[in-house]
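Everything on this sheet refers to the single structure shown next.
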Amino acid sequence: MIKTLKRLGAYMGGRSLLLPCSIGLSALHGLLSLVPFIFLWLVVRTLLTSEGNLSDTPLWDYALAALAISIVNVLLYFAVLMLSHLAAFRVETNMRRRAMERLMRAPLGFFDTQNTGRMRKIIDEDSAQTHTFVAHILPDVAGSIVAPLGVILLLFVVDWQLGLAAMMPMVCAFGIMGYMMNPNNNDFQRMYLDAQEKMSAEAVEYVRGIPVVKVFQQTVFSFKRFYDSIINYRDLVIKYTLLWRTPMSAYLVAVNAFAFFLVPTGILLMGHGSQPTLVIADLFLYVVIAPMISGNIMKVMHLSQNLFMANEAVERLETLTSTLPLPESASPATPKTFDIRLRDVSFRYEGAEKDAVSHIDLVIPEGKTVALVGASGSGKTTIARLIPRFWDVRKGSVSIGGTDVRQMDKGELMRNVSFVFQNTHLFKTTLLENLRYGHPEATIEEVNRAIDLSQSREIIDRLPEGLNTVIGAEGTYLSGGEQQRIVLARAILKDAPIVVLDEATAFADPENEHLIRQALSHLTRGKTVLMIAHRLTTVRDADNIVVVDGGRIAEQGTHDQLMAKEALYYHMWNEYRKAVAWKL
Ligand SMILES: Nc1ncnc2c1ncn2[C@@H]1O[C@H](COP(=O)(O)OP(=O)(O)OP(=O)(O)O)[C@@H](O)[C@H]1O
Ligand SMILES: [Mg+2]
């Protein structure tokens with residue numbers, strides 16, 4: 001509890017007093033909520049003992065006092081909620097802000113390994129989870145603890161014998177509650193959450209797979225796992241419910257049984273000389289206020305569940321954002337030229353057993369084009385991503401114009417490198433904004449030029465609102481090949497001296513292929529280029545072709561040199577030709 005509060009407190013910023021104030025006022029509210037009942041009790045006593053002569057009694061004063069305090073208390077609760085909501089929104093906002101700040105500084109490669117849906121859920125929904133806890137549960141709990149204590153005190157002060165009678169079943173109820181709250185149930189809660197998560201994951205998997213499943217007519221098999229997760233969830237819930245059935249029934253019986261001892265005790269008291277009217281007035285008070293204990297205890301019981309969820313939310317968010325940013329150089333150096341050199345570079349993905357690429361020596365002279373080819377999984381994308389510093393190398397160095405990329409200012413590195421990767425993303429905003437992304441001050445003439453060079457003119461002409469069409473909005477989806485051309489237009493507009501291209505596997509449609517090749521030739525003209533091409537025809541004219549095999553460079557040279565060698569590239573080329581012939 002304290003730990004969670006401290007954790008949440010860290011997100012309060014300078015307003016750390018909001019929550020304690022809210023909690024303090026809520027406790028006061030809990031106490032004050034009892035006072036009108038005391039006045040009501042006095043009213044009842046007065047009525048019962050006045051013997052018809054009401055004019056001399058302070059009946060009206062009591063009634064008005066009860067009303068006034070009730071009104072004050074409503075206002076007080078309003079203040080409690082106001083303060084706690086201010087605190088809750090602050091925590092929520094700061095959690096999101098801090099997460100975003102940390103994510104902005106995370107290495108680019110980090111985003112490859114994260115499921116974006118999960119990231120969104122954690123930043124958005126989990127931080128919202130804390131809202132209920134801070135805005136409602138915490139202040140309510142303060143009142144819910146203080147009010148029952150006040151009730152118990154009152155029960156004993158008014159008449160200790162009646163108090164004892166009313167408290168007896170309550171003590172039983174507390175015992176049962178203690179049993180129900182045992183720590184094993186927390187395991188259950190985690191199992192419950194896990195089962196829920198698994199079921200939703202399987203559901204997503206199932207729905208995603210439907211097209212594939214239909215094609216291969218495998219409905220039964222794919223449904224099986226989803227079905228199993230549902231059954232697992234059902235069994236768990238039933239077990240959970242059954243586990244609670246007996247203690248919960250016992251608790252409810254005990255907690256509502258206060259009148260069971262109360263009435264006989266009252267009768268006994270009357271028999272032993274107490275004034276019957278006063279005993280009846282007391283009984284009235286007890287019957288009215290004793291249930292407040294159980295009602296409030298239920299609220300406190302829910303605390304543990306909400307505490308658990310708030311804690312999990314903060315935990316997940318902090319784990320997500322715990323990836324350290326790449327170190328930045330204190331005195332960044334600016335390269336004057338743009339030749340790229342990889343010197344004995346090895347790199348290993350986090351958690352992997354062996355290097356994804358090792359001992360890579362590679363030079364891309366300024367203004368030249370080097371192509372990487374090789375089998376799937378050989379390490380081409382990995383090498384390409386080390387240049388814009390998606391990750392830092394494990395051994396060796398990557399340098400631009402003789403300056404190690406680790407010594408460069410991050411913004412400068414980003415400005416100097418355009419990268420177009422296998423699954424580059426278009427934002428769900430206007431096409432114009434998408435294009436200007438890499439060069440926000442570009443004039444409309446420059447934008448139009450980039451559109452023409454990337455052969456995207458006809459795509460734009462076809463869209464209902466031209467450049468102002470929002471991509472991804474109703475009916476304005478672009479095909480894979482069209483998206484690729486827009487992404488190339490964006491890179492052309494950015495006009496960075498270095499271009500790293502990781503071409504999407506294949507847009508087999510020859511029309512699109514032709515257009516993309518034209519766009520590529522405009523993008524790469526006069527630039528220092530590293531390109532990964534899956535169509536060997538695109539690679540043919542590169543100044544140097546590097547064949548990657550199992551994370552190492554197997555051979556390199558021009559197309560003619562490599563063909564003459566009759567080694568790896570030669571075989572790849574023959575295979576490729578056969579495949580193309582087969583396709584046509
Ligand atoms: N984010 C990652 N985490 C861990 N391992 C990875 C990650 N990305 C790639 N790998 C591994 O690194 C190796 C090289 O992958 P890479 O993506 O560089 O291959 P590639 O040559 O680009 O393949 P393709 O032609 O299919 O695009 C593979 O064994 C792959 O499983
Ligand atoms: Mg790749």
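Just so you know, ligand 1 is whichever comes first in the structure, and atom 1 is the first atom listed for that ligand. A quick note: this is a predicted structure, and the numbers were derived from the prediction, not measured.
For ligand 1, the atoms lying closer than 4.0 Å to a non-hydrogen atom of Ala356 are 12 (O). Against a heavy-atom cut-off of under 4.0 Å, Thr382 is close to the following atoms of ligand 1: 14 (C), 15 (O), 16 (P), 18 (O).
Inside a 4.0 Å radius of atom 14 (C) of ligand 1 there is at least one protein heavy atom.
Residue, atom and distance of the protein heavy atom nearest to atom 25 (O) of ligand 1 are Lys380 NZ, 2.8 Å. Nearest non-hydrogen protein atom to atom 10 (N) of ligand 1 is Tyr349 CE1, 3.2 Å. Remark: minimum distance from atom 1 (N) of ligand 1 to any protein heavy atom is reached at Thr113 CG2, 3.5 Å. Scanning all protein heavy atoms for the shortest distance to atom 27 (O) of ligand 1 gives Gln422 NE2, 3.0 Å. The nearest protein atom to atom 26 (O) of ligand 1, hydrogens excluded, is given as Ser376 OG, 2.5 Å; this is a heavy-atom distance. Counting only heavy atoms of the protein, atom 17 (O) of ligand 1 lies nearest to Thr381 CB, 3.7 Å.
Within the structure, the closest approach of Gly377 to ligand 1 falls below 4.0 Å when heavy atoms are considered.
Under 4.0 Å from ligand 1, the heavy atoms of Ala375 that appear belong solely to its backbone.
The aromatic rings of Trp573 and Tyr576 sit tilted relative to each other, their planes meeting at an angle between 30° and 60°. Under the 30°/60° scheme for interplanar angles, the aromatic rings of Phe89 and His131 are found to be tilted.
Taking the charged nitrogens against the carboxylate oxygens, Glu92 and Arg96 do have a contact shorter than 4.0 Å, which makes a salt bridge. Taking a cutoff of 4.0 Å between a charged side-chain nitrogen and a carboxylate oxygen, Lys578 and Glu575 qualify as a salt bridge. Using a 4.0 Å cut-off between charged nitrogen and carboxylate oxygen, Arg389 and Asp392 count as a salt-bridge pair. With respect to the salt-bridge test (charged N to carboxylate O, under 4.0 angstrom), the residues Lys239 and Asp235 do not qualify.
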Exercise. Test Lys198 against Asp194 for salt bridge (charged side-chain N to carboxylate O under 4.0 Å, His left out), laying out the working first.
Key: CA-CA 6 Å; Lys198 181 138 196 287; Asp194 282 350; over 6 Å; no
Just distance, no hydrogens or angles: give the donor-acceptor pairs under 3.5 Å from side chains in residues 414-421, sequence neighbours left out.
unit_1	atom_1	unit_2	atom_2	d
Asn416	ND2	Glu412	O	3.3
Asn416	ND2	Glu412	OE2	3.4

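With rounding to the nearest 0.5 Å, the separation of CG in Asp126 from CG in Leu317 is 7.5 Å. For the atom pair CG of Leu520 and CZ of Arg525, the computed distance is 11.5 Å after rounding to the nearest 0.5 Å.
In the model, Asp339 has a side-chain atom that pairs as donor or acceptor with a side-chain atom of Thr337 under 3.5 Å.
Among Gln455, Glu458, Gln518, the single residue meeting the side chain to side chain donor-acceptor pair (under 3.5 Å) criterion with Arg485 is Glu458.
Among protein atoms, those of element N, O or S found less than 2.8 Å away from the Mg ion (ligand 2) are Thr381 OG1.
When the heavy-atom distances from atom 19 (O) of ligand 1 to Gly379, Gly351, Gly374 are ranked, the shortest goes to Gly379.
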